[in-house]
Colleague: 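Sharing a structure with you now.
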Amino acid sequence: MPTLALVGNPNVGKTSMFNGLTGLRQQVGNWPGVTVERKEGELKVAGQKVNVVDLPGIYSLSASSEDARVARDYIINEKPDVLVNVVDATNLARNLYLTVQLLEMGANIVVALNFMDELEKSGLKVDAVRLEKLLGVPVVPTSAKTKEGLKELAKHALTAAHCRGRRLQPLKLHYADGVEEKIKELALPRWEALKRLETEEAGSDDYAAAIAQARYRFIEDVVRQVLVQTQDKDPLSLTDKIDRLVADSFWGIPLFFLVVWAVFQFTFKMGEPLVGLAQGLCGLAADYALRSMTELGVPDPLVSLVVSGLIPGVGSVISFTPNIFLLFFAISLLEDSGYMARAAHIADRFMSSMGLHGKAFIPMVLGFGCNVPGIMAARTLGNRRDRIITILLIPFMSCMARLPIYVLFAGTFFRDSQSLVILGLYALGVVLALLMGNLFGRLLFESEPSYFILELPPYRFPSIRVSVIRAWQKAAAFVNKAGTSITGAAALVWLLSNLPWGVPYASDSSVLGRIGRLIAPLLRPAGFGTWEAAAALIFGSMAKELVVSTLGIVYRAEGAALSQVIAQRWTPGNALSFMVMSLIYMPCVAVMATIKKETGSWKWAAFAAICSVSLGWLMAVLVFQGIRLLGLLPYGR
Amino acid sequence: MWGKHRFRRGQYGMSPARSAARSAHLLSLAELRPGERGRIVSLRAPGPVLRRLLEMGVLPGTEIAVKGVAPLGDPMVIAVKGYRLSIRKYDGSGVLVEPTGTDRILYTKDVSNS
């Protein structure tokens, strides 16, 4: 089966093109060893099946980013039969830069000239026939949105794929004398020599500049010959008009917050009934399993494992999916409309103070709802450095699951200043993120500079269909990739709280209780060195919601009664340090699994865990010992 | 917190080349104000930033125009090769530009310079 690879700049409608070509027959995964998404699908032309691979959106093959490396390696090593280079006709010059690089490699390409309809509306025309002559490869005008030209594109691609035996003459540009000399010296195929000069050779900065200049000179010449102005108007006048409002020095910021607020509400408020439904179904499933398994005479331990171990575990996986689906639907709309780039543009000044990229703002805000979708949203960051730092910082955003802990303790001990205490905890998380962001940037990614050079694409109507597909793929990938780890962890905690068999669930004689008693001395400097607190924290690393319910189980009390027990057993001093600990101490299992999934290695998940446990412990100890030393609050019983 | 002067100085301070450039009426991209146009004369930046600028079409000989500045004063929006690019002033401070004129200001007044 011939392989067709799609390659092109970001924001050129490559995803629409991929969906248009393959329909819903696609698989989403990761390129091995990196955090870049890999999509594959199948296309049928003239009775023949073609394998379609979507390469990451890149501006050139010479960048040092993961995306560019993946695309480069794929083209060189896997040698697809044909490359379809998707080009935005409304932004021809910059898009042709990648095309020129591909032509220099002698790659077997077909150019898809996308957004032709949009271009014509804006009073310009591209002479596709002339472009075809100048580039020496087939050029097919398309509109991925209306699916115009896709059939023709597929036919051309298939024809080109069959001609792959015929060696294509690589494009030969004339470079500055210094570059040409060097190319001769290297005695490599021309494109390989160019690649070496651009990236590896000493003084490559100067070579890279000279090479880029010569390529753009060629491109300007091509564009001058093929671009025809049919009406006298500025093609970007509408985009500029919208930007006058969107990036306005006064209105830009409230509008930005309105959009962020809307995305947050859409993701979490709209998701609430769906999450409730998912949990309700799990409850029903548990009831049903309990009844039918008892009838069948299944032994008790097994029933318990399924009913209170596995089903709740699966339930917690499912309960994340509505939020992930809605979030990615919203993000996809924002990205395709062009607002996402503007949001990054507006937030960048603030985010750069944390050593972060402007695009990190929305993932961080989403972290306040739930860290899992926040971390997944960090995918929108193109740069590995920025993506990983953002992912590591999101757990400092206090998610909604941590709120009940604050409500219980602050409500018990700080009734008059409850909201102030809770607000303070949220603020503490943000301040720590700010400090850690700078620290991570300096310590872990010192060699990779952070920069912000971002295309602001023209505003376009997003496609609902593309957004739904994208959101669906994200939710499914989450269930696939993170689901097993989360369910496995749920089963493990169930096991620990029931062993040795026969002890009351999560009591101090269970393995969990014993581990709790083992850890308790370590927590003494923080003021809560009891096995109950330790057990609550261990359960909390499953899901932060479980901290309060575990305290309920170990103190055998609920609601107001639990608050009374807490008032007797705890003090304002250790309640405060416990809340600080709960804020920071450990990303929950779902977050860990998501970090692993998004960074491609357990290394970063482990790093996040170690980092946050030590920082959480340190902060809790500082808070408690500070209170004790200064006598600010009653701290002992 | 938003210091007015934080981004005024170039990334590389005032090198001799830079002060010579200044006498020839060259400015860094970061110093251009909304509405001003120019032609890029030279480019200096750390490796990855330089490659990014090059692939985005920000290179010597290219005409650019500053379209506006973000509400908090940074980054700035430039028109280059017929599209819009948002770029941190810091990252544009190594791009030397020969001013070629001024357009009607299109959007956002430059709050950082006012």
Side-chain angles (χ1 to χ4, degrees), chain A residues 58-60 62-65 68 88 90-94 97-98 198-199 204-205 208-209 211-213 216-217 219-220 223 235-236 239-241 243-253 256 341-342 344-350 352-353 358 383 448-449 451-458, chain B residues 1-3 6-7 11 29 34 40 42-63 65 67-92 94-95 103 105-112 114:
Chain A
I58 48 169
Y59 292 106
S60 79
S62 19
S64 48
S65 68
D88 179 353
T90 70
N91 185 357
L92 200 55
R94 206 210 53 225
Y97 190 74
L98 178 63
E198 276 185 294
T199 51
S204 69
D205 282 10
I211 293 168
Q213 250 175 295
Y216 266 112
R217 240 193 327 268
I219 291 166
E220 293 299 340
V223 171
L236 283 176
T239 288
D240 280 344
K241 261 183 210 148
D243 269 339
R244 207 180 301 174
L245 173 68
V246 163
D248 182 75
S249 60
F250 180 77
W251 292 106
I253 292 177
F256 168 76
R342 273 72 182 184
H345 169 69
I346 290 165
D348 184 67
R349 177 65 189 85
F350 172 67
S352 64
S353 65
N383 194 345
E448 298 171 53
Y451 57 83
F452 186 87
I453 301 168
L454 186 73
E455 178 187 6
L456 300 181
Chain B
M1 188 169 178
W2 318 116
R6 263 194 70 179
F7 283 82
Q11 193 167 352
L29 180 58
I40 298 172
S42 72
L43 206 57
R44 280 218 298 165
V49 181
L50 179 82
R51 273 165 193 76
R52 176 73 166 171
L53 288 169
L54 293 175
E55 67 178 8
M56 299 309 277
V58 179
L59 33 75
T62 306
E63 303 267 353
K67 287 287 180 180
V69 174
L72 297 175
D74 193 27
M76 64 204 293
V77 183
I78 60 170
V80 55
K81 305 260 180 226
Y83 77 99
R84 304 288 177 260
L85 186 69
S86 167
I87 173 170
R88 258 184 215 160
K89 288 182 174 175
Y90 184 82
D91 297 327
V95 181
D103 289 337
I105 290 180
L106 286 172
Y107 53 90
T108 50
K109 65 175 198 291
D110 186 348
V111 286
S112 71
S114 56

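Every chain is numbered from 1 and lettered A, B, ... according to where its sequence line falls, protein lines coming before strand lines.
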Colleague: Before giving the answer on side-chain contact (heavy atoms from CB on, under 4.5 Å), spell out for A:Asp243 and A:Thr239 the whole-Å C-alpha distance, their side-chain angles and the decisive distance to 0.1 Å.
Modeller: CA-CA 6 Å; A:Asp243 269 339; A:Thr239 288; 3.9 Å; yes
Colleague: Can you tell which of A:Arg342, A:Glu455, A:His345 makes a side-chain hydrogen bond (donor to acceptor under 3.5 Å, both in side chains) with B:Ser86?
Modeller: A:His345
Colleague: Among B:Ala79, B:Pro60, B:Gly82, B:Gly61, which residue has the highest count of heavy-atom pairs closer than 4.5 Å to chain A?
Modeller: B:Pro60
Colleague: Tell me, for B:Leu43 versus chain A, whether the close heavy atoms (under 4.5 Å) come from the side chain, the backbone, both or neither.
Modeller: neither
Colleague: Check whether B:Leu54 gets within reach of chain A through its side chain, its backbone, both or neither, counting any heavy atom under 4.5 Å.
Modeller: both
Colleague: Does any backbone or side-chain atom of A:Ala208 lie under 4.5 Å from a heavy atom of chain B? Answer side chain, backbone, both or neither.
Modeller: both
Colleague: Please rank A:Ala93, A:Ala209, A:Pro458 by heavy-atom pairs under 4.5 Å with chain B and give me the top one.
Modeller: A:Ala209
Colleague: Counting only N and O atoms by type, is there a donor-acceptor contact under 3.5 Å from the side chain of B:Lys89 to the main-chain atoms of B:Gly73?
Modeller: yes
Colleague: For A:Tyr97, is it the side chain, the backbone, both, or neither that has a heavy atom closer than 4.5 Å to a heavy atom of chain B?
Modeller: side chain
Colleague: Taking all non-hydrogen atoms of both residues into account, name the closest pair between B:Pro71 and A:Ile346 and its distance.
Modeller: CD-CG1, 3.9 Å
Colleague: Could you tell me if B:Arg52 sits above the aromatic ring of A:Tyr451, with its cationic atom closer than 6.0 Å to the ring centre and no more than 45 degrees from the axis?
Modeller: no
Colleague: Please classify the contact between A:Tyr59 and chain B as side chain, backbone, both or neither, with a heavy-atom cut-off of under 4.5 Å.
Modeller: both
Colleague: Give the member of B:Pro75, B:Gly47, B:Gly57 that has the highest number of heavy-atom pairs under 4.5 Å with chain A.
Modeller: B:Pro75
Colleague: Run the salt-bridge test on A:Arg94 and A:Asp88 with the 4.0 Å N-O cut-off and return the result as yes or no.
Modeller: no
